[in-house]
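Notes follow once the structure below has been shown.
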Number of protein chains: 2
Amino acid sequence: MIAPQKKASAKPRARATTKPKKAAPQASKAYHHGDLRRAIIDATKAIAEESGAEAFTLREAARRAGVNHRAAYRHFQDKSDVLAAVAEEGFTVLLARIVSTLEGVPASDPEARLLAIARSYVEFASENRGAYRVMSGPRLNVEANYPTLEEAITNCLVLVRREIEAGIQRDKLRNVNAFDATLALWAAVHGLATLVITRRVQVRPALVGSLTERLLGDLLSGYAKKK
Amino acid sequence: MIAPQKKASAKPRARATTKPKKAAPQASKAYHHGDLRRAIIDATKAIAEESGAEAFTLREAARRAGVNHRAAYRHFQDKSDVLAAVAEEGFTVLLARIVSTLEGVPASDPEARLLAIARSYVEFASENRGAYRVMSGPRLNVEANYPTLEEAITNCLVLVRREIEAGIQRDKLRNVNAFDATLALWAAVHGLATLVITRRVQVRPALVGSLTERLLGDLLSGYAKKK
DNA sequence: ACCTGAACACCGTTCAAGT
DNA sequence: ACCTGAACACCGTTCAAGT
């Protein structure tokens, strides 16, 4: 059995030839790179998608961005700081996606709104595996570092909680404890996303959303037989 | 349900016969380690509990076991193999715990049995944080390595599925798709355990079980208001 | 202001012994 | 049979420049 073959010594330096798109963000700033912070973040997501978040190294990310590994320190404090930046951006994008999806679901149907949230969450994870692996990786902020990351996560949880409370108020959801219900829902989508990402449950990308609605729909209805 | 089976793969021999608690590591001079495999596994769990699974290094584990880092290679193929061994043992112990707990819950109450499984799972995670961090870490067997680990996980899932099927047959659970329901339940307990382990939800260890029953109990009953 | 280079202590893994 | 030692390529991080 062959070990995970290391990159044989000095890679030919993949000189990323600058990121495509983006017209010219370097107006007066005469960067050497253009936007190294962006490039490092993108490289990190790519590495995480290819080989898992634990395979990420500062040096490899810098290599992909075409710079010396020390250059990253100009934009990030250390290795964890890069992961925190990726995670924070991920939660921010996820929240935006959820909010956008909810615009299409009537407030009169709280159950459908919760399902839409679940669907958005798991689809996001499935479509952004690199970012999600970082987001769901070892907690970066136990020591109360990364307050903006913590805030991005809290924003998501608050949104879910409000939806549950709104549903209860409209008398469309049972009068459960909203905090508990938020945790339970979040746990369920997190767990499901993990199963999908790790391919413990195999599902074609296009079907991730419907799988989520099916599984979570049953959960929201409950398994216990009505008396 | 399949028996734990012998540890396949390249490990030459299990030495599992020297299981008894070594009262004192006294004895010989040249002193081959009593059970280095055991010591490495325990050290790995300790490291994972203290600093997270990603902080585990072969060299540190060997250091704690009091041997040269090369000695570990006599018992494990490589770094991943150590993590796989820890994970496999964890799932085996978890299964035993669940089975033991279920003995005290009547077959006539499937919902209580599912809650007991959930409770066992999250309590195990809470009480064995090191092992659980490894078990829930990056998937080790994507390349179809570690078949015995895969089997240990499957054994757990099969047990859950059978409980659900039994509940449906007794007409105590709604006639949901058993496979889907298994995934949903597993996802929920995995997600909840992750929230507890990472302290995103803060709860005293003694209350983990009741928190789990409360949250999952609501889920099993469903959030949707009965019409 | 932004990036590079050398240095240090650490890792996983291999080859080659030591007992 | 079980363990140690030296070596190699890699990593994160620091100090100190180069442009």
Side-chain angles (χ1 to χ4, degrees), chain A residues 1-13 15-16 18 25-40 43-44 47-48 51-85 138 140 145, chain B residues 10-18 25 27-40 43-44 47-48 51-85 138 140 145:
Chain A
M1 183 153 320
I2 291 79
Q5 57 194 92
K6 304 288 184 181
K7 319 271 188 182
S9 61
K11 260 184 60 177
R13 177 152 304 220
R15 256 303 175 196
T18 72
Q26 63 285 61
S28 55
K29 305 279 189 82
Y31 290 88
H32 287 127
H33 182 94
D35 192 347
L36 184 51
R37 183 183 164 86
R38 177 82 258 143
I40 294 284
T44 301
I47 294 168
S51 318
E54 75 287 358
F56 158 71
T57 67
L58 267 182
R59 289 169 105 117
E60 173 63 15
R63 223 173 274 135
R64 293 187 185 212
V67 296
N68 181 281
H69 66 278
R70 279 292 303 132
Y73 283 87
R74 180 71 33 186
H75 302 275
F76 302 95
Q77 276 195 267
D78 54 23
K79 184 182 183 179
S80 289
D81 198 32
V82 178
L83 294 172
L140 296 163
N145 304 322
Chain B
K11 183 175 45 61
R13 175 181 0 212
R15 292 180 64 95
T17 50
T18 41
S28 45
K29 48 253 93 196
Y31 178 75
H32 290 25
H33 202 287
D35 190 349
L36 183 53
R37 182 183 163 84
R38 177 80 259 142
I40 294 284
T44 301
I47 294 167
S51 318
E54 75 288 357
F56 158 71
T57 68
L58 267 184
R59 289 170 105 115
E60 173 63 16
R63 222 173 275 133
R64 292 186 185 214
V67 296
N68 183 281
H69 66 279
R70 280 291 303 134
Y73 283 86
R74 181 69 36 184
H75 302 276
F76 302 95
Q77 275 193 267
D78 54 23
K79 184 182 183 180
S80 289
D81 198 31
V82 179
L83 294 172
L140 295 164
N145 305 322

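Note on naming: letters A, B, ... go to the chains in the order of the sequence lines (proteins, then strands), and numbering restarts at 1 for each one.
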Output a table of nitrogen or oxygen pairs between the protein and nucleotides 12-15 of chain D separated by less than 3.5 Å.
from	atom 1	to	atom 2	distance (Å)
D:dG12	OP1	A:Leu58	N	2.9
D:dG12	OP2	A:Leu58	N	3.2
D:dG12	OP2	A:Arg59	N	3.1
D:dG12	N7	A:Arg59	NH1	2.4
D:dG12	O6	A:Arg59	NH1	3.0
D:dT13	OP2	A:Tyr73	OH	3.0
D:dT13	OP2	A:Lys79	N	3.1
D:dT13	O5'	A:Tyr73	OH	3.4
D:dT13	O4	A:Arg59	NH1	3.4
D:dT13	O4	A:His69	NE2	3.0
D:dC15	N4	A:Arg70	NE	3.1

Exercise for the section: Provide the closest heavy-atom pair for A:Ala72 versus A:Ile40 in the form atom of the first, atom of the second, distance. Expected result: CB-CD1, 4.1 Å
Problem - Within-4.5 Å side-chain heavy-atom neighbours: A:His69 and A:Leu58 - result: no
Fill in the blank from the handout: Note, DNA chain C 5' to 3' with Watson-Crick or G-U pairs under 3.5 Å encoded as ( ), [ ], | and . gives ||.|||||...|||||.||
Exercise for the section: Would you name the heavy atoms of B:Tyr73 and B:Asp78 that are closest together and state the gap between them? Expected result: CE2-CA, 4.3 Å
Practice task
Rounded off to whole Å, could you give me the CG-to-C1' distance for the A:Asn68 and D:dG18 pair?
Solution key: 12 Å
Problem - side-chain contact (heavy atoms from CB on, under 4.5 Å) partner of B:Phe76, the single match among B:Leu36, B:Asp81, B:Thr44 - result: B:Asp81
Exercise for the section: Find the distance between CZ (A:Arg70) and CZ (A:Arg59) and round it off to the nearest 0.5 Å. Expected result: 10.0 Å
Problem - Heavy-atom pair of closest approach, residues A:Phe56 and A:Val82 - result: CZ-CG1, 3.7 Å
Handout entry: Options D:dC3, C:dC11, C:dG5, nucleotide nearest the side-chain atoms of B:Arg63
Key = C:dC11
Problem - C:dC2 to D:dA16 separation - P atoms, rounded to the nearest Å - result: 22 Å
Problem - With B:Arg63 via side chain to side chain donor-acceptor pair (under 3.5 Å) - residues at least two apart - result: B:Glu60
Problem - Taking every non-hydrogen atom, the tightest pair across A:Ala65 and A:Ala39 - result: CB-CB, 4.0 Å
Practice task
Would you indicate which nucleotide in D:dC10, D:dC3, C:dT4 comes nearest to any side-chain atom of A:Val67?
Solution key: C:dT4
